[in-house]
Trainee: 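Have a look at the structure that comes next, please.
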2 protein chains.
Amino acid sequence: MGQQDEDMPSMRSSDGSATRSVRSDAKRNTDALLEAAMEVFATRGVDAPVREIAQKAGVGIGTVYRHFPQRADLIAAVFRREVDACADAAAALSASYGPADALAAWLLRYTDFIAAKRGLAPALHSGDPAYVSLHSYFKEKLLPVLRGLLDAAIEAGEVRDDIESMELLSAVANLCISAGKADGAVARRMVSLVVDGLRYGATDKS
Amino acid sequence: MGQQDEDMPSMRSSDGSATRSVRSDAKRNTDALLEAAMEVFATRGVDAPVREIAQKAGVGIGTVYRHFPQRADLIAAVFRREVDACADAAAALSASYGPADALAAWLLRYTDFIAAKRGLAPALHSGDPAYVSLHSYFKEKLLPVLRGLLDAAIEAGEVRDDIESMELLSAVANLCISAGKADGAVARRMVSLVVDGLRYGATDKS
DNA sequence: ACCTGAACACCGTTCAAGT
DNA sequence: ACCTGAACACCGTTCAAGT
């Protein structure tokens with residue numbers, strides 16, 4: 001379902017200027033906006049002034065509202081973007097490490113993501129229609145990734161095989177949320193403990 | 001540590017009008033403010049306009065800021081007031097029911113309190129200095145109450161004796177927080193399950 | 001002492017004017 | 001089509017003027 005702006009002759013206007021040029025302009029703006037919003041949300045919280053985000057992205061305030069009519073739309077877009085990044089990180093880790101180490105490394109990456117998103121937890125549980133879809137997006141995107149990593153590690157006999165990936169996904173998230181607001185160090189330690197627990201019951205006890 | 005404004009002759013000014021009269025005026029205002037704030041917070045959330053609370057309490061906006069310089073101060077005051085009410089509820093329950101039933105009834109009362117305060121959870125975990133003291137207030141006030149009820153029920157052989165009151169206090173709170181935003185019905189069901197679990201392992205198995 | 005509300009600052013949101 | 005920012009509405013906060 002990606003946008004296929006490429007290779008479409010009909011999109012060129014008669015004067016030779018590409019219609020896409022204005023679209024790429026808009027796309028550059030949304031990208032800059034998402035990037036700026038991510039940084040501002042991280043440092044000043046999700047209630048940060050829209051003006052600050054617009055300024056950081058180098059666009060007018062009106063442009064923010066053109067692309068994201070409500071603040072929640074911008075927040076949701078940033079959230080999806082980071083979910084994607086977290087999901088995508090798995091491939092590189094699988095290529096670089098053995099199954100159990102890749103699983104461990106990804107869980108820490110996932111931990112950092114959750115810890116950074118703690119400010120969003122209340123909004124996600126608020127029932128606000130703008131956020132309800134984020135729950136399923138989160139699960140549909142990350143559960144298969146974790147399942148893949150977990151199955152590979154189980155297959156290799158490097159971790160125990162009596163843990164459900166969904167339970168693990170929820171457990172780690174809950175750990176991170178309740179593990180205080182210490183910049184994620186506590187959360188990482190707790191998760192490492194869980195990972196060691198996974199390794200402890202490995203079928204291959206060599 | 002209660003205020004003893006009563007029976008203090010030195011507080012009366014020479015003209016016969018009680019100095020206390022202006023104080024009681026102020027006290028009436030703070031009471032009205034706390035009452036109004038509690039209702040407004042419950043219906044419109046803790047971000048509700050201060051003007052609305054002032055209007056509901058029948059005072060000027062300046063009066064709100066005189067008594068509660070920051071919004072957090074008002075929120076904290078409302079929170080303490082409800083913690084007190086929850087703690088105080090135990091005595092009547094103990095007088096009306098047997099030990100295990102009193103414990104069960106109080107845990108549901110506590111559940112309602114937590115469920116109503118879910119909107120505050122993010123603030124409580126934010127590390128905001130205005131809220132840090134609420135954690136200890138919560139624990140110091142409610143833990144002894146629960147311990148008393150639990151010990152009495154254990155003593156009577158009506159519930160199992162291998163549960164720490166602190167763990168129970170936290171567990172029920174976490175249950176309520178994570179039990180969705182369904183108006184508390186889910187939370188009450190989950191807590192009832194826990195209570196049944198407590199009864200299941202009672203020493204007196206008659 | 002305490003209360004009040006006009007006044008100020010700030011932020012979300014819109015929309016007429018630009019390109 | 002898309003971008004801009006002045007303009008408007010709303011809310012938090014202060015403080016000079018009242019009692």
Side-chain angles (χ1 to χ4, degrees), chain A residues 3 5 8 10-34 36-37 40-41 43-77 123 128 130, chain B residues 3 5 8 10-34 36-37 40-41 43-77 123 128 130:
Chain A
Q3 7 251 90
D5 297 4
M8 292 192 65
S10 65
M11 293 190 69
R12 301 204 167 266
S13 53
S14 53
D15 65 17
S17 76
T19 302
R20 186 156 56 85
S21 72
V22 285
R23 292 197 175 177
S24 69
D25 183 23
K27 178 163 190 351
R28 208 177 312 125
N29 276 336
T30 51
D31 283 347
L33 229 25
L34 288 175
V40 173
F41 287 163
T43 56
R44 313 230 322 174
V46 289
D47 289 331
V50 175
R51 275 175 179 79
E52 192 176 325
I53 297 169
Q55 191 183 8
K56 188 152 205 163
V59 304
I61 310 177
T63 303
V64 182
Y65 283 95
R66 159 167 274 267
H67 293 296
F68 307 100
Q70 311 210 45
R71 166 186 229 87
D73 297 320
L74 182 54
I75 294 176
D128 187 320
Chain B
Q3 4 253 89
D5 297 3
M8 294 191 64
S10 65
M11 293 189 67
R12 300 202 167 267
S13 54
S14 55
D15 66 15
S17 76
T19 302
R20 185 153 58 83
S21 70
V22 285
R23 292 198 175 176
S24 68
D25 184 22
K27 179 164 188 352
R28 208 178 312 125
N29 276 335
T30 51
D31 284 347
L33 230 26
L34 288 174
V40 173
F41 286 162
T43 56
R44 314 232 319 175
V46 289
D47 290 330
V50 175
R51 275 176 179 78
E52 193 176 325
I53 297 169
Q55 190 184 10
K56 188 154 204 162
V59 304
I61 310 177
T63 304
V64 182
Y65 284 93
R66 158 166 274 268
H67 293 297
F68 306 100
Q70 311 210 47
R71 166 185 228 90
D73 296 321
L74 182 54
I75 294 176
D128 187 320

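All chains are named by letter (A, B, ...) in the order of the sequence lines, taking the proteins before the strands, and each is independently numbered beginning at 1.
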Trainee: Under 4.0 Å between any heavy atoms, over every strand shown, what does A48(B) touch: base, sugar-phosphate, or nothing? Just pick one.
Mentor: sugar-phosphate
Trainee: Nearest whole angstrom, please: distance from the C1' of dG18(D) to the CZ of R66(B).
Mentor: 13 Å
Trainee: When you measure from the side chain of Y65(A), which nucleotide among dT14(C), dC11(C), dG12(D) comes out closest?
Mentor: dT14(C)
Trainee: Can you tell me if N29(A) touches the phosphate of dC3(D), counting only side-chain N or O atoms and a distance under 4.0 Å to OP1 or OP2?
Mentor: yes
Trainee: Closer to the 5' end of DNA chain C via nearest nucleotide, is it V50(A) or T63(B)?
Mentor: T63(B)
Trainee: With nearest nucleotide decided by heavy atoms, which residue, R44(A) or P69(A), maps closer to the 5′ end of DNA chain C?
Mentor: R44(A)
Trainee: Name the stems with DNA chain D in them: runs of three or more consecutive Watson-Crick or G-U pairs, distances under 3.5 Å?
Mentor: C:4-8 with D:12-16, C:12-16 with D:4-8
Trainee: If you compare every side-chain N and O of R51(A) against the phosphate oxygens of dC10(C) (OP1, OP2), does one of them come in below 4.0 Å?
Mentor: no
Trainee: Please determine, for the side chain of A26(B), which listed nucleotide (dT13(C), dC3(C), dC11(D)) has the closest atom?
Mentor: dC3(C)
Trainee: Side chain of I61(A): nearest nucleotide among dT13(C), dT4(C), dG5(C)?
Mentor: dT13(C)
Trainee: Using atom types as modelled, flag every donor-acceptor pair under 3.5 Å from a side chain in residues 49-62 of chain B to any protein atom, sequence neighbours excluded.
Mentor:
unit_1 : atom_1 : unit_2 : atom_2 : d
E52(B) : OE1    : R44(B) : NE     : 3.1
E52(B) : OE1    : R44(B) : NH2    : 2.9
E52(B) : OE2    : R44(B) : NE     : 3.3

Trainee: Looking at R28(B) and D25(B), is any side-chain nitrogen of the basic one under 4.0 Å from a carboxylate oxygen of the acidic one?
Mentor: yes
Trainee: From C-beta outward on D25(A), which listed nucleotide comes closest to its side chain: dT4(C), dC3(D), dG5(C)?
Mentor: dC3(D)
Trainee: What's the closest nucleotide to the H67(B) side chain, out of dC11(D), dT4(D), dC3(C)?
Mentor: dC3(C)
